[in-house]
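Remarks on the structure that follows.
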Amino acid sequence: MVERLQGQLKGVTFVDLDGTMLAANSMHIFMRRLPWMLMRRKAIGAAIGSLWWMTLRCMRIVSHRSMKWHLTKAARHHLHDSDWEDMAESMLLTVNPKVKEYIRTRRDRGCLTYIATAAAEEYALQICRRLGYDGVLATEFTDRLQDYKELSRHAKHEAIERLLQDERLRLESFLTDHTDDLPTAMAYPNLTILVGGPGKTADEYRDAGITRYIS
């Protein structure tokens with residue numbers, strides 16, 4: 001009975017963003033482009049502030065999470081919709097063609113596609129729209145830094161499980177390149193696909209029973 005009901009549920013594929021759907025790291029692109037975009041919007045103080053937070057991070061004085069929150073806060077306050085669109089377009093220049101083609105084959109069979117990423121929701125949503133995907137699970141901005149939680153590791157796994165239950169979906173595949181996603185991968189070893197070549201990450205995934213790859 002359970003297997004029959006599962007077979008009737010709509011299938012969904014979740015794909016990580018950085019290093020998976022994109023060959024690059026979207027945060028690095030965001031960091032490179034943000035000061036220039038802020039200057040273009042005549043937000044000089046915010047542009048200088050963004051460079052300051054990046055410098056503190058390079059010196060390991062602040063955490064990645066703290067820097068990311070401050071940069072996102074400045075971007076949300078000063079950037080226009082067109083700026084977020086331009087940001088997404090620059091990121092999509094690094095799309096992994098093999099992953100994109102795999103997703104296309106799943107969508108042609110009626111499978112839904114969600115991006116599941118620790119990246120900021122603001123530009124992840126824009127990427128999703130341009131790719132024509134069905135939704136995004138990403139890091140949501142909060143007004144207070146202490147409430148800011150990146151959608152990574154167990155938090156991502158829990159968000160995926162909630163969406164599957166709330167929307168009555170059946171996981172069809174999960175694509176990632178990073179060991180941060182091992183909680184989800186270990187819950188679905190037969191449905192996980194590791195993106196990338198051989199290395200430490202591949203070894204850890206193989207030890208966890210994941211043997212499907214896109215390289």
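Since the model is a prediction, treat every value here as computed from it, not as a measurement.
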Distance in Å, [X] [atom1] paired with [Y] [atom2], rounded so as to fall on 0.5 Å steps:
X	Y	atom1	atom2	value
Leu131	Arg107	CG	CZ	9.0 Å
Ile193	Asp177	CD1	CG	13.5 Å
Leu38	Leu79	CG	CG	5.5 Å
Arg153	Leu182	CZ	CG	7.0 Å
Lys10	Glu167	NZ	CD	12.5 Å

Stepwise side chain to side chain contact (heavy atoms under 4.5 Å, CB included) test for Ser63 and Met67: CA-CA 6 Å; Ser63 66; Met67 177 198 69; over 6 Å; no

Are [X] and [Y] packed together at the side-chain level, in the sense that at least one heavy-atom pair is separated by less than 4.5 angstrom?
X	Y	result
Met91	Leu17	no
Asn25	Thr94	no
Ile160	Phe174	yes
Lys68	Phe30	no
Leu22	Asn96	no
Met21	Ile103	yes
Leu164	Arg170	no
Leu191	Glu172	no

Hey, is the main chain of [Y] close enough, under 3.5 Å, to the side chain of [X] for a donor-acceptor pair?
X	Y	result
Lys149	Glu140	no
Thr55	Leu51	yes
Arg212	Asn190	yes
Thr117	Ala138	no
Ser90	Met87	yes
Thr105	Tyr102	yes

If hydrophobic clusters are built from ILVMFWY residues whose side chains come within less than 4.5 Å, do [X] and [Y] share one?
X	Y	answer
Tyr133	Tyr123	yes
Leu112	Ile127	no
Met39	Leu34	no
Tyr188	Leu163	yes
Ile115	Leu175	yes

From the list Thr139, Asp180, Asp16, side chain to side chain contact (heavy atoms under 4.5 Å, CB included) partner of Lys156 resolves to Asp16

Mark yes when over 12 heavy atoms from residues, nucleotides or ligands other than Gln165 sit less than 6.0 Å from its CD; otherwise mark no. no

With a 6.0 Å cut-off (strictly less than), is the heavy-atom count around NE2 of His77, excluding the residue itself, greater than 12? no

For Tyr213 and Val195: C-alpha separation, side-chain torsions, deciding distance, then whether side chain to side chain contact (heavy atoms under 4.5 Å, CB included) applies. CA-CA 6 Å; Tyr213 301 92; Val195 175; over 6 Å; no

Less than 3.5 Å apart, any donor N or O on the side chain of [X] or [Y] sitting next to an acceptor on the other?
X	Y	result
Thr176	Asp181	yes
Tyr205	Thr211	no
His157	Glu161	yes
Thr201	Thr179	no

Between [X] and [Y], which heavy-atom pair has the shortest distance, and what is it?
X	Y	answer
Ala208	Met186	CB-CG, 4.1 Å
Ala74	Ala46	CB-CB, 4.5 Å
Asp18	Ser26	OD1-OG, 2.7 Å
Val136	Ala124	CG2-O, 3.7 Å
Ser66	Leu145	OG-CD2, 3.9 Å
Ala88	Gln126	CB-CB, 3.5 Å

Apply side chain to side chain contact (heavy atoms under 4.5 Å, CB included) to residues Leu71 and Met27 and explain how you reach the verdict. CA-CA 10 Å; Leu71 297 185; Met27 187 63 186; 4.0 Å; yes

Tell me which one of Thr192, Thr113, Thr13 satisfies side chain to side chain donor-acceptor pair (under 3.5 Å) with Ser173. Thr13

Charged N-O contact under 4.0 Å between [X] and [Y]:
X	Y	result
Glu101	Lys98	no
Asp83	Arg33	no
Arg144	Asp147	yes
Arg76	Asp143	no

Using the ring-ring contact (aromatic ring centres under 6.0 Å, His included) criterion, which residues pair with Phe141? Sequence neighbours excluded. Trp69

Run the side chain to side chain contact (heavy atoms under 4.5 Å, CB included) test on Arg57 and His64 for me, step by step, so that the C-alpha distance in whole Å, both residues' side-chain angles and the decisive distance to 0.1 Å come before the verdict. CA-CA 7 Å; Arg57 177 55 188 157; His64 173 83; 3.8 Å; yes

Salt bridge (charged side-chain N to carboxylate O under 4.0 Å, His left out) between Asp203 and Arg206: does it pass, once the steps are laid out? CA-CA 5 Å; Asp203 292 342; Arg206 186 175 60 252; 2.8 Å; yes

ring-ring contact (aromatic ring centres under 6.0 Å, His included) partners of residues 34-56, not counting sequence neighbours, each pair once: Trp53-His70

Given Asp86, which of Arg40, Arg41, Arg130 fulfils the salt bridge (Lys or Arg N to Asp or Glu O under 4.0 Å) condition? Arg40

